[in-house]
Amino acid sequence: MSDMHKLLYSDLENYILSKIHNKTEDWMENLKKIAIQQRIPIMDDASIHFVRQLIRIVKPKKILEIGTGIGYSALMMHDAYPYSEILTIEKDSQRYEDAMRHIQAHQKENDIHVINGDALDVLNQLPKGDPFDLVLIDASKGQYQRFFEHIEPYLSDTGIVISDNVFLLRYVIKKQTYPTRYRNIVNSIQAYNDWLAQHSNFDTSFLPIGDGLAVSVKH
Ligand code: SAH
Ligand code: MG
């Protein structure tokens with residue numbers, strides 16, 4: 001978690017965080033350190049904790065992740081339900097290599113498959129017929145709607161889509177002022193959240209967990 005995040009957290013959020021730090025294992029902490037060193041924005045503690053909890057409940061056989069980074073969230077999700085099979089897509093070749101290394105070091109290469117490419121291209125080429133039960137979107141914030149639209153045909157009937165960072169450092173809350181360099185991505189996420197909330201095929205909950213999670217369920 002970045003210091004910027006910590007400053008944004010309320011007493012309530014800090015209280016919740018204080019209750020979820022008791023079961024972290026060394027490998028989790030090590031991967032977090034590597035991500036921070038390499039300035040890779042991995043999922044914050046409260047968010048990945050909730051996603052893991054959801055995975056324990058749902059027991060998804062097939063998981064799709066958009067935005068592997070160095071493999072932290074994929075390994076965390078698989079650890080929560082080791083019978084899952086994960087496909088995760090990363091466009092940056094260096095990060096892809098790092099993720100492969102970490103996944104191999106954990107001997108999870110049979111269960112976690114990493115593809116190097118732009119998720120939109122990869123999804124266009126993915127064969128249908130073996131749908132995903134749970135999808136995590138955690139890649140470029142300007143493209144969330146397009147990711148979602150590309151994912152829809154690959155979702156199982158009870159499919160769940162989780163979108164990370166939907167409050168974007170709380171900047172999406174309109175009254176708040178924010179640095180101008182964020183303007184485009186704030187506008188994109190605001191538009192995405194509006195679009196998602198109106199989507200006729202999904203029910204979406206926006207949860208004040210970490211940097212904001214949207215949980216969308218097909219109906
Ligand atoms: N989910 C990871 C962190 C991912 S960081 C974790 O919590 O451990 C976001 C990643 O998305 C970056 O590595 C970036 O290179 C990748 N990304 C951004 N746009 C993408 C796209 N269109 N397709 C695939 N990967 C993308
Ligand atoms: Mg994220």
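Keep in mind that this is a model prediction, so the values were computed, not measured. Each ligand, and each atom within it, is numbered from 1 in the order the structure gives.
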Problem - Aromatic plane relationship, Trp195 with His199 - under 30° parallel, 30 to 60° tilted, over 60° perpendicular - result: perpendicular
Fill in the blank from the handout: A student checking ligand 1 against Thr68 at a 4.0 Å heavy-atom cut-off should list atoms 2 (C), 8 (O)
Exercise for the section: Indicate the atoms forming the closest heavy-atom contact of Ser156 with Pro131, along with that distance. Expected result: N-CB, 3.6 Å
Problem - Any side-chain heavy-atom pair of Phe132 and Leu126 under 4.5 Å - result: yes
Practice task
Check whether any N, O or S atom of Asp138, backbone or side chain, sits closer than 2.8 Å to the Mg ion (ligand 2).
Solution key: yes
Practice task
Do me a favour and list the nearest non-hydrogen protein atom to atom 9 (C) of ligand 1 with residue, atom name and distance?
Solution key: Asp138 O, 3.2 Å
Exercise for the section: Check ligand 1 against Met43 and write out every atom of the ligand that is under 4.0 Å from a heavy-atom position of the residue. Expected result: 6 (C), 7 (O)
Practice task
May I ask whether Ile66 has any heavy atom positioned less than 4.0 angstrom from an atom of ligand 1?
Solution key: no
Handout entry: Enumerated ligand 1 atoms positioned under 4.0 Å from heavy atoms of Ser73
Key = 1 (N), 2 (C), 6 (C), 7 (O), 8 (O)
Practice task
Please determine if Gly67 has a nitrogen or oxygen closer than 3.5 Å to a nitrogen or oxygen of ligand 1.
Solution key: yes
Problem - SB check Arg146 Glu149 (cutoff 4.0 Å) - result: no
Practice task
List every atom of ligand 1 that sits less than 4.0 Å from any heavy atom of Arg95, numbering the atoms from 1 in the order shown and giving each element.
Solution key: 12 (C), 13 (O), 14 (C), 15 (O)
Handout entry: Atoms in ligand 1 flagged as close to Gly117, the criterion being non-hydrogen separation under 4.0 Å
Key = 23 (N), 24 (C)
Problem - Closest protein heavy atom (residue, atom, distance) for atom 19 (N) of ligand 1 - result: Ser140 OG, 3.1 Å
Problem - Carboxylate-amine/guanidinium contact Asp121 Lys91, below 4.0 Å - result: no
Problem - atom 22 (N) of ligand 1 [closest protein heavy-atom partner, distance rounded to 0.1 Å] - result: Asp118 OD1, 3.2 Å
Exercise for the section: Please examine the side chains of Val215 and Ile160, heavy atoms only from C-beta on, and report whether any two atoms are closer than 4.5 Å. Expected result: yes
Exercise for the section: With heavy atoms of Ile42 as the reference, note each atom of ligand 1 found under 4.0 Å away. Expected result: 6 (C), 7 (O), 8 (O)
Fill in the blank from the handout: For Ile89, the ligand 1 atoms with a heavy-atom partner under 4.0 Å come out as 24 (C), 25 (N)
Exercise for the section: Taking Glu85 for its side chain and Lys62 for its backbone only, find out whether a donor-acceptor pair lies under 3.5 Å. Expected result: no
Handout entry: Lys19 NZ/CZ over Tyr15 ring centroid, <6.0 Å and within 45° of normal
Key = yes
Practice task
May I ask you to decide if Ile20's main-chain N or O and Asp45's side chain share a donor-acceptor pair within less than 3.5 Å?
Solution key: no
Problem - Basic-acidic side-chain contact under 4.0 Å: Arg95, Asp98 - result: no
Handout entry: Option nearest atom 17 (N) of ligand 1 (shortest heavy-atom distance, choices Pro41, Ala139, Gly142)
Key = Ala139
Handout entry: atom 23 (N) of ligand 1 [closest protein heavy-atom partner, distance rounded to 0.1 Å]
Key = Ala119 N, 2.9 Å
Handout entry: Identity and separation of the nearest protein heavy atom to atom 25 (N) of ligand 1
Key = Lys91 N, 3.2 Å
Problem - Distance-only polar pair, side chains of Arg101 and Gln104, donor-acceptor under 3.5 Å - result: no
Problem - Contact (N/O only, under 3.5 Å) between Ile40 and ligand 1 - result: no
Problem - Glu90 N/O under 3.5 Å from ligand 1 N/O - result: yes
Practice task
Could you check if a side-chain atom of Glu13 sits within less than 4.5 angstrom of a side-chain atom of Leu17, using non-hydrogen atoms only?
Solution key: no
Exercise for the section: Give a yes/no answer: is there an N/O/S atom of Asp164 under 2.8 Å from the Mg ion (ligand 2)? Expected result: yes
Exercise for the section: Please could you name the atoms of ligand 1 that Glu65 approaches to less than 4.0 Å, counting only its heavy atoms? Expected result: 1 (N)
Practice task
Decide whether the shortest distance between a heavy atom of Ile70 and an atom of ligand 1 is less than 4.0 Å.
Solution key: no
Problem - Heavy-atom side-chain contact between Met43 and Met77 under 4.5 Å - result: no
Exercise for the section: Tell me whether Met43 has at least one N, O or S atom under 2.8 Å from the Mg ion (ligand 2). Expected result: no
